[in-house]
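Here the structure is laid out as structure tokens; the discussion comes afterwards.
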Amino acid sequence: MVAATGNADTSVGHGELIKAVDHALTTHGRALLTGPAGAGKTEIVRAVAAAAESRRESVLRLAPEAADQWIPEASAAALLASVPGAALDQLSGPQRTAIALLRREADAPRAGRDHIALRLAVVEVLRTLAARQPVLLVLDNAQWLDAESTDLLRFALRLTPPRVRVLVAECVQGGASVGEPLCGPDVPAIRVPPLGADEVAELLVRHCLPARLAGRIHQASGGNPRLALALGHSLAEAAEARDSSAHHADPLPVSGQAREVARRLLAGVPAQARRTLLLAALASRPTTSLLRRAGRPDAEAELAEAERAALVRVGEDGTVEFTAGALLTALAADAGWPERAAGHAALAAAVDDPVQAVRHRALAVDTPDQWLAAEITEAAAACRRRGQRALAAELGLLAAERTPSWLAGEELARLVTAAEDAGWAGRADLARRATRAVLARDASPADRVRARLAVMDAAGQALGALDETFAYAMDEAAGDPSLQAAVQLRIAWKHNLSDGDPVRSRDAAAEAGRLAAIGGDQTAEAMALTVRARMGRILGDTDAEEILAEALALPAPEVPLGMRNAPQYLAVRHALFDDRLADARRQSMVLLPAVQRTGSAEDVFEVLRSLTEVELRSGRCEAASAHARRALELTIEAGLSPGPAWYVAAMAEAMGGSFARAAGYARRGIQASQEEQDQVFLSRSLHALGLVELATGEAAKAVATLRRVAALEAAQQVVDPSVLRWHGELAEALIAADAHCEAAELLDRVRTTALGLGRTGVVAALDRARGLCLSAQGEADEAVHLLEATARRFADLQLPLERGRTLLALARVERRRRRRAPARAALRAAAEVFGLAGAAPWTELAREPAPGESGGAQVQAAAVLTEAESRLALLVSQGASNQEAAAKLFLSVKTVEARLTRIYQKLDVRSRAQLATALRTL
């Protein structure tokens, strides 16, 4: 009971909370930590206690279990059992006797005990301990203290000296707080908030669970760390059982440990409130008024109890939202069929949406009904018209289940349509379910192919695991050019996304276009041309724009294969690559409402991604961040592959938010893309990380990261440098790492290609790196002239952030040749550009260092040194040994020694002490 329970590590994201608890204990001597079960309170308590022990404080721990609340004075006995014997020696006889009786006979009758002596003994023990050293009394799981122990501790803590500090952690689920009376009035109460989606991703990675599922797990767990881990482990076990990796859009299995955690969270509400919660869980859009109409007249009061237990949030308009999606599943699973059926029947009579009324009526029965099946089918069609494809897929499956067996043809048609709706919505679980049902019936080859195509469409970026599905689809499509074209199109997408092979993708697209023309399918033909144009751009084909124009000339009906694969969207991407940002923005704004109407979450995400990139390059970081947030929210809500969304968030943060957050998003994007074998967004997330590492002065890391991008792009045979502009960053990182020759070779090679393709924006970025290279090679005048000209070119191209980065480079070069006034002017100009753009982290980089400022300013002050030399000089001046500096900079000790010799020569110093002095005075 005294020892902490064996919970998994759920301490992610609690650094600031630990500081807040320490501050409360320091200033008030008392702190109350609250939060739902599994929120991570125990981990915070452990961290605070460990810090106190490291300061040589005496730490007393008490962590009662649920059963202890029914045993009088059980917790008091456990606390005293942990007190060193020496602290008991000074007690009076009656006090020692009272403690001895309690420790030996905690469960014996209390009659005859001297309770006053016992209370005074506890006070005296705490005073004795505090006289020797500060004491931290930690009470975890305070909600399970028995009443008698609570009274005893409340009395004792009122009389303890200030050197006894008290930390109480409790889970309040509808009952009265134990911690407040223990700690006294005005105690600082610190609530443990739920983890964010990023923190859930970090938690999963720490426990070797798939990061790509972080969005869904965050949604299902509500950010509760224990529930998140339980869900992650349930998914891993389910994936292992079926010998395949869990898909990012799969429903989360609330079973085993996950269900137990959810049940514990729900245990704090009484039965009546639980019935209301079940009704809310069965409704699609629950409100208090709906629940009242459905037979729960006390819904407000019952929901208020659930809200106090952190199970739901009730809005001012009466909307009810569960804090964790898994709670809905657990409520429905624990209720029996009769209770669920009665709930759906009550909701069917209460909802005002005809579609939802039909849905609830269908879920209230489990027998076939021809007329009900027809009604459900009509409701699914209404959802399709509204753009609610996921709901249409769910209703389609319901309609098939309610179709009598003698209407097998109608049942099959409903299943195929449900599969296609699920594919459009990106709901892999529904697509697979419908497709399994189709394949189990006497379906035609065409229906079987249509169902398999839906599985492919729902897979998102994870096409690499569908080789068998592709093989069967090709076999079943034989003899039907239109179906063959549709399969070949998906193969073309797979070759690009999963295989990273644009040549095979282009060839498959050409075959798809040929088959589509034979079959008279102009939509598929336009899609095939689009893939050819996209791959052609990557490969540097000179006819890529002509192929795109040919695709745009074809009729453009509603796109069944997704706007993201249509020529209209590729035209946006090409405008972005060509720095025609006004065109790209205008075309994206036209597409955005169109894709929102279709109900395809992937299409909406793609348009938001392009808008983010357009706004960033245009120098509108605030607008870009808003689009990136919407893209990330949509990804989590719709269960899309998270890798692309994390890349978009990383770029938005890298330019307009925080380098630290950008690096976090980028690392998650890298992990998710690796898990899904997505080569395209793996390169992009690595590029985002490399950019941050370069900007924050970690040149060696940036070189390693960006070399991975170069290797991936080489493997993918990418020729056009305008698609992903990593080349200038890698060259700058190489220069900062003193690899000037390699940087110059890279710049020359890529510049030739960029000039040949007419990529003026790329050439300007390469020239910025070339200016830094010239400076590093001692050609300072040429470097300054080139950088000034490059800054003007970026201004003409209306690329303000690139101009600001060039001005930063110019300031560095001017500083290196000790021209302080021009350096300050360039810094001020860069700061103005970044400030107007809302590029917060870059504005900070352009800030002029205050006199005597340390850290990064010292590195900037060492103007006569290269960046690599400056970093080494700073480390050594701060006391790092050669071996420590080598480890931090990813260098050999010999390289450090050689570089240090050059630094000494440049600064005319002979010792580390003189080096530190020189850095301060430069």
Side-chain angles (χ1 to χ4, degrees), residues 387 493 496 509 522-523 525-538 541 543-631 634 644-645 647-648 651-652 655 680-681 684 720 722-725 757-762 796-802 837:
W493 298 336
N496 178 39
Q522 288 191 312
T523 297
E525 189 177 357
M527 296 292 181
L529 287 167
T530 302
V531 178
R532 285 179 57 198
R534 179 179 282 130
M535 297 305 104
R537 177 78 187 221
I538 290 170
D541 294 347
D543 61 349
E545 297 304 321
E546 295 174 10
I547 294 172
L548 176 57
E550 187 180 345
L552 287 166
L554 289 170
E558 185 182 14
V559 182
L561 304 182
M563 181 59 75
R564 62 196 177 280
N565 302 307
Q568 292 85 353
Y569 180 66
L570 185 60
V572 171
R573 300 300 297 169
H574 281 203
L576 175 62
F577 298 155
D578 292 337
D579 297 321
R580 293 182 285 109
L581 301 179
D583 289 345
R585 187 176 189 279
R586 176 180 51 78
Q587 293 171 34
S588 296
M589 287 300 184
V590 170
L591 292 180
L592 186 58
V595 295
Q596 287 173 329
R597 282 196 304 271
T598 67
S600 169
E602 282 198 90
D603 283 351
V604 177
F605 169 80
E606 275 297 327
V607 176
L608 289 173
R609 170 170 83 102
S610 287
L611 278 169
T612 302
E613 294 173 346
V614 167
E615 299 293 26
L616 285 177
R617 292 187 65 76
S618 301
R620 290 189 283 263
C621 292
E622 186 176 349
S625 296
H627 292 313
R629 281 193 299 273
R630 286 178 62 193
L634 175 67
Y647 158 70
V648 172
M651 290 305 296
M655 293 302 174
V680 171
F681 279 94
R684 279 155 176 72
D720 193 326
S722 69
V723 177
L724 184 62
R725 305 184 184 192
L757 294 172
R759 311 302 187 223
T760 54
V762 175
D796 293 339
L797 289 167
Q798 298 183 353
L799 299 174
L801 295 184
E802 297 297 329

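Index from 1, following the sequence.
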- Query: Do Leu552 and Gln568 come within less than 4.5 Å of each other through their side chains, counting heavy atoms only?
  - Reply: yes
- Note on the structure: Distance col, row Glu615:CD vs His627:NE2, nearest 0.5 angstrom, shows 5.0 Å
- Looking only at side chains, do Ser610 and Tyr569 share a donor and an acceptor under 3.5 Å apart? yes
- Task: Indicate yes or no: at least one non-hydrogen side-chain atom of Gln587 is less than 4.5 angstrom from one of Val590.
- Result: no
- Can Val723 and Arg684 be said to form a side chain to side chain contact (heavy atoms under 4.5 Å, CB included), step by step? CA-CA 10 Å; Val723 177; Arg684 279 155 176 72; 3.5 Å; yes
- Task: Take Leu554 and Leu529 through the side chain to side chain contact (heavy atoms under 4.5 Å, CB included) test and state the conclusion after the steps.
- Result: CA-CA 10 Å; Leu554 289 170; Leu529 287 167; 3.8 Å; yes
- Option among Arg585, Gln798, Met655, Glu802 that satisfies the side chain to side chain contact (heavy atoms under 4.5 Å, CB included) test with Arg617: Glu802
- Task: Please step through side chain to side chain contact (heavy atoms under 4.5 Å, CB included) for the pair Leu799 and Leu581, ending with a clear verdict.
- Result: CA-CA 9 Å; Leu799 299 174; Leu581 301 179; 3.6 Å; yes
- With side chains defined as the heavy atoms from C-beta onward, is the minimum distance between Gln596 and Leu592 less than 4.5 Å? yes
- Note on the structure: Between the CD atom in Glu606 and the CG atom in Asn565, the distance rounded to the nearest 0.5 Å is 8.5 Å
- Query: Would you call Arg609 and Glu613 a salt bridge, taking side-chain N to carboxylate O under 4.0 Å as the test?
  - Reply: yes
- Message: As an exercise, state the distance from CG of Leu591 to CG of Leu608, rounded to the nearest 0.5 Å.
- Response: 11.5 Å
- Got a second to check how far Leu634's CG is from Arg630's CZ, nearest 0.5 Å? 8.5 Å
- Message: Between Asp720 (side chain only) and Ser722 (backbone N and O only), is there a donor and an acceptor less than 3.5 Å apart?
- Response: yes
- Task: For Ala628 and Val648, work out which heavy atoms get closest and say how close.
- Result: CB-CG1, 3.8 Å
- Message: Leu548 vs Arg532, test: side chain to side chain contact (heavy atoms under 4.5 Å, CB included). Steps then yes/no.
- Response: CA-CA 8 Å; Leu548 176 57; Arg532 285 179 57 198; over 6 Å; no
- Search all heavy atoms of Gly619 against all heavy atoms of Pro800 and return the closest pair with its distance. CA-CG, 3.5 Å
- Note on the structure: Note: Ala526 and Ala551 closest approach over all heavy atoms is O-CB, 3.8 Å
- Message: Please check: side-chain N/O of Arg725 versus main-chain N/O of Phe577, any donor-acceptor pairing under 3.5 Å?
- Response: yes
- Under a 4.5 Å cut-off applied to non-hydrogen side-chain atoms, are Thr612 and Met651 in contact? no
- Leu801 and Cys621 have their tightest heavy-atom pair at CD1-SG, 4.1 Å
- Give the minimum heavy-atom separation between Thr530 and Leu570, together with the two atoms involved. O-CD2, 3.3 Å
- Item | Side-chain touch Asp578/Thr760, heavy atoms, less than 4.5 angstrom | no
- Counting only N and O atoms by type, is there a donor-acceptor contact under 3.5 Å from the side chain of Asp603 to the main-chain atoms of Met563? yes
- Might you point out which heavy atoms bring Val595 and Val604 nearest each other, and give the distance in Å? O-CG2, 3.7 Å
